[in-house]
Amino acid sequence: MRTNLRTHPTRPLTGIRNLGILAHVDAGKTTVTERVLYATGATHKRGEVHDGTTVTDFDPQERDRGITIFAAAVSCDWDGHRINLIDTPGHVDFSDEVERSLRVLDGAVAVFDAVAGVEPQSESVWRQADRHQVPRIAFVNKLDRAGADLDTAVASIRDRLHTVPLVVQLPIGREDGFTGVVDLVRMRALVWGAGGEAYQEGPVPDDLREEAGRRRRLLEEAVAELHPVALEEFCAGAALRDATLAAALRDLTRGGEGVVVLCGSAYRNRGIEPLLDAVVAYLPSPLDVPAVRGTLGGEVRERAADPAAPFAGLVFKVTATATGRLTYVRVYAGTIEKGATVLDATAGRTERVGRILRVQADRNTEVDRAVAGDIVAVIGPKSARAGATLCAPDAPLVFEPPSVAAPVVSVAVEARRSLDTDRLASALAQLVEEDPSLAVRTDAETGQTVLSGMGELHLEVAVEKIRRAQQIELSVGRPQVAYRETVARGVAGLLYRHVKQEGGAGQFAHVVLDVEPLDAAAGATDGFVFRSAVTGGRVPQEYVRAVEAGCRDALAEGPLGGHPVTGLRVTLADGATHSKDSSEMAFRTAGRLALREALRASTMALLEPVIEVTVTVPDGAVGAVLGDLAARRGRVSGSAARAGTAVVTATVPLAELFGYASRLRGRTQGRGTFTTRPAGYAPVPAGVADALLTR
């Protein structure tokens with residue numbers, strides 16, 4: 001197996017960069033990744049998405065659909081640094097893959113389309129990176145396209161992402177005439193030839209010298225406003241030295257106070273080398289980020305990024321391949337060696353590491369060890385799941401796992417041949433193991449197997465994966481959305497006594513509950529809050545915790561249609577115990593049954609998932625599209641004109657979006673496109689709710 005990767009067992013941690021490529025679908029993430037691999041010598045041929053020859057989109061479905069579905073890890077070397085890079089999906093249905101990747105990355109490159117600027121999913125992944133406090137640099141791609149404009153794209157970054165863009169390049173030429181950039185930090189011109197070969201460095205062109213000087217001045221002023229050392233030098237000499245400017249840009253990037261903006265055309269192979277230089281110069285190494293935190297026995301502990309420290313790593317991805325089960329691990333501390341025994345601290349069992357692989361998408365190179373800062377795959381662990389902590393058995397530690405979004409769409413899945421039923425169950429279990437955002441359950445009423453996920457495309461990909469890998473003929477039902485129930489008007493003082501006597505020790509628990517909806521400040525229709533107002537020790541604290549656990553049990557099924565319940569506050573107002581018959585089990589049972597009774601006595605409301613839809617259509621089709629959105633119970637929140645097209649933003653119930661792609665194509669002669677992102681839950685109108693509940 002040919003590979004250009006070199007292992008560097010003694011490479012210092014300052015020479016490692018762990019980063020992801022983030023963007024909206026079709027902004028050019030995978031092409032940027034391919035050009036990075038080509039520029040660094042990791043590949044010797046440029047892969048193309050439209051030809052199905054990319055390294056990271058290696059799955060047959062990715063090549064068929066022309067989109068990234070699964071996060072793929074690759075490694076390459078640049079200027080004495082190892083770059084571990086994860087190409088993440090851009091489609092909203094696969095945002096959980098982005099979430100798990102961001103959990104283990106130290107930095108990211110956000111890619112934006114120079115024509116469209118910040119698009120809906122660009123904004124979503126940016127917010128995900130904000131939550132994980134991942135430093136970013138921005139790359140405005142596709143400057144060779146008609147209508148491309150760097151300044152407009154930068155303005156959208158400032159306005160929609162609420163960050164300070166620090167533009168360090170000026171394009172040379174526009175659209176088809178884009179040939180290079182002016183580096184505003186070192187005031188030099190970088191020009192690429194027609195074939196995209198290595199750039200030629202030279203002086204700033206005469207016709208751009210004045211504009212470059214003006215933009216350099218703006219950059220210095222923006223940096224001086226944010227960086228105290230730069231401000232001091234700027235005030236003293238009315239300018240910044242190149243070294244001071246570069247150091248300030250590095251500090252601002254790593255501190256999250258600004259984002260360095262570069263530009264180029266990945267498809268034309270222009271702008272990639274300066275992007276790599278910026279990754280090395282501005283994004284952090286494992287030593288530049290705070291020490292990772294974990295818990296042990298409820299106590300928070302830090303583990304430094306030190307190869308000599310006890311081993312600790314986080315599993316962020318699991319895949320089944322022909323060569324075995326690959327467990328992807330970010331090593332945060334210590335060293336892991338081939339043949340070592342590690343502790344799965346999440347499951348509480350030890351595992352043996354048979355092999356360690358440095359991954360290049362679907363290819364790999366075996367190595368003897370991995371150290372702090374590395375991202376590798378290991379073969380051997382049988383039970384480790386995404387989110388599990390692997391650590392040294394004599395120094396246990398548990399990291400907080402990546403969050404997993406709740407599925408919003410479900411389909412019934414069954415094998416057409418009864419002989420394939422067991423194989424289907426095994427395949428579904430493997431799917432859920434590889435993708436925690438999928439869920440499988442058996443419907444209690446119908447006995448059907450129900451597969452739930454983040455959207456129609458998510459479920460289509462999952463079902464097709466089973467068909468291709470297992471050669472099973474499947475029947476798939478119509479997609480169904482995941483409704484929720486909430487309290488519109490609660491009850492106060494609901495008394496419930498749980499008394500059970502069947503010989504020997506009995507069960508006794510007396511509880512009084514107040515149930516009310518959560519107000520806007522507490523999270524509105526999202527969540528559950530429990531508190532105790534019992535005084536005088538009438539209910540011991542351990543029984544209070546049991547009542548809360550029982551209430552949480554009751555949230556699984558609401559009284560309207562058996563949907564999960566959310567958006568309520570429960571107060572334990574009073575209670576009583578028995579000296580012999582009270583127990584935690586009795587109070588947990590009382591809490592569960594009391595809340596069920598309280599919910600039946602409350603006024604309940606049905607909630608449905610809603611989606612923010614951004615539709616781009618020709619000017620002449622706006623009326624038809626607006627009418628169709630209104631018929632789907634959509635609420636238009638904005639519209640804008642852009643070069644002969646209209647961009648309409650609306651919030652639409654997910655249940656009304658099934659089949660929208662084909663309807664939109666029909667109303668716009670195939671020229672309309674749309675993108676989506678989750679917008680939470682909203683109450684179902686009374687008439688619609690009645691129809692749903694009487695089905």
Side-chain angles (χ1 to χ4, degrees), residues 57-65 67-72 89 91 93-94 96-97 100 315-328 344 347 349 351-352 354-355 357 359 361-362 364 377-388 404-482 658:
D57 285 354
F58 58 86
D59 186 271
Q61 287 200 73
E62 292 179 310
R63 294 185 170 178
D64 290 347
R65 298 173 186 268
I67 62 171
T68 300
I69 297 173
F70 310 106
H91 197 285
D93 283 17
F94 308 104
D96 198 66
E97 285 272 323
R100 294 198 302 274
V315 176
F316 67 95
K317 185 178 175 70
V318 175
T319 61
T321 68
T323 57
R325 184 178 188 269
L326 292 185
T327 303
Y328 290 77
D344 180 347
R349 58 176 291 177
E351 301 271 17
R352 183 179 178 276
R355 300 168 62 196
L357 307 174
V359 179
D362 60 338
N364 54 68
V378 298
I379 295 179
K382 299 290 192 300
S383 64
R385 302 290 188 265
V404 179
V408 295
V409 181
S410 302
V411 292
V413 181
E414 62 180 353
R416 291 183 179 175
R417 299 189 310 165
S418 59
L419 294 176
D420 291 331
T421 301
D422 290 342
R423 291 175 58 210
L424 174 60
S426 177
L428 288 170
Q430 181 177 304
L431 266 184
V432 173
E433 180 180 317
E434 295 184 4
D435 185 353
S437 62
L438 290 169
V440 176
R441 63 179 175 85
T442 301
D443 188 281
E445 294 183 2
T446 65
Q448 290 179 306
T449 299
V450 178
L451 177 65
S452 304
M454 302 304 297
E456 280 186 280
L457 180 59
H458 191 201
L459 296 179
E460 284 179 18
V461 168
V463 169
E464 185 62 22
K465 188 172 185 179
I466 293 177
R467 285 183 174 135
R468 294 191 184 197
Q470 305 296 331
Q471 299 296 306
I472 301 176
E473 293 186 15
L474 299 176
S475 295
V476 182
R478 185 180 184 275
Q480 302 290 328
V481 304
F658 298 137

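Because only heavy atoms are used, hydrogens play no part in the values below, and waters and symmetry mates are left out as well, while side chains stay in.
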(request) Kindly determine whether L326 and I379 satisfy side chain to side chain contact (heavy atoms under 4.5 Å, CB included), including the steps that lead there. (result) CA-CA 5 Å; L326 292 185; I379 295 179; 3.5 Å; yes

Shortest non-hydrogen contact from [X] toward [Y]:
{"X": "V404", "Y": "P436", "value": "CG1-O, 3.4 Å"}
{"X": "V409", "Y": "G455", "value": "CG2-CA, 3.9 Å"}
{"X": "L431", "Y": "A462", "value": "CD1-O, 3.7 Å"}
{"X": "E351", "Y": "S383", "value": "OE2-OG, 2.7 Å"}
{"X": "V411", "Y": "G477", "value": "CG1-O, 3.6 Å"}
{"X": "A384", "Y": "D344", "value": "CA-OD2, 3.5 Å"}

I'd like to know if the side chain of [X] and the backbone of [Y] have a donor-acceptor N/O pair within less than 3.5 Å.
{"X": "R352", "Y": "G380", "value": "no"}
{"X": "R416", "Y": "L474", "value": "yes"}
{"X": "R441", "Y": "V450", "value": "no"}
{"X": "Q470", "Y": "L424", "value": "no"}

(message) Are the side chains of K317 and V359 in contact, using a 4.5 Å heavy-atom criterion?
(response)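 SC-SC contact between V359 and K317 ruled out.
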
(request) Could you go through the side-chain hydrogen bond (donor to acceptor under 3.5 Å, both in side chains) check for H458 and D435 one step at a time? (result) CA-CA 10 Å; H458 191 201; D435 185 353; 2.8 Å; yes

(message) Applying salt bridge (charged side-chain N to carboxylate O under 4.0 Å, His left out), can you list everything that pairs with E456, at least two apart in sequence or on another chain?
(response)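 Once residues adjacent in sequence are excluded, E456 has no partner under the salt bridge (charged side-chain N to carboxylate O under 4.0 Å, His left out) criterion.
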
(request) Return the set of residues passing salt bridge (charged side-chain N to carboxylate O under 4.0 Å, His left out) with R423 (not counting sequence neighbours), or none when no residue passes. (result)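 For R423 the salt bridge (charged side-chain N to carboxylate O under 4.0 Å, His left out) partners, ignoring immediate neighbours, are D420.
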
Can you tell me how far [atom2] of [Y] sits from [atom1] of [X], rounded to the nearest 0.5 angstrom?
{"X": "L457", "Y": "L459", "atom1": "CG", "atom2": "CG", "result": "9.0 Å"}
{"X": "I466", "Y": "Q471", "atom1": "CD1", "atom2": "CD", "result": "12.5 Å"}
{"X": "I472", "Y": "L419", "atom1": "CD1", "atom2": "CG", "result": "11.0 Å"}
{"X": "S437", "Y": "R100", "atom1": "OG", "atom2": "CZ", "result": "6.0 Å"}
{"X": "Q430", "Y": "T319", "atom1": "CD", "atom2": "OG1", "result": "9.5 Å"}
{"X": "E414", "Y": "E473", "atom1": "CD", "atom2": "CD", "result": "12.5 Å"}

(request) For E460 and E464, run side chain to side chain contact (heavy atoms under 4.5 Å, CB included): C-alpha distance rounded to whole Å, both residues' side-chain angles, the deciding distance at 0.1 Å, then the answer. (result) CA-CA 6 Å; E460 284 179 18; E464 185 62 22; over 6 Å; no

(message) Assess the residue pair R325 and K382 against the criterion (side chain to side chain contact (heavy atoms under 4.5 Å, CB included)); give the C-alpha distance rounded to whole Å, side-chain angles, the decisive distance to 0.1 Å, and a yes or no.
(response) CA-CA 8 Å; R325 184 178 188 269; K382 299 290 192 300; 5.8 Å; no

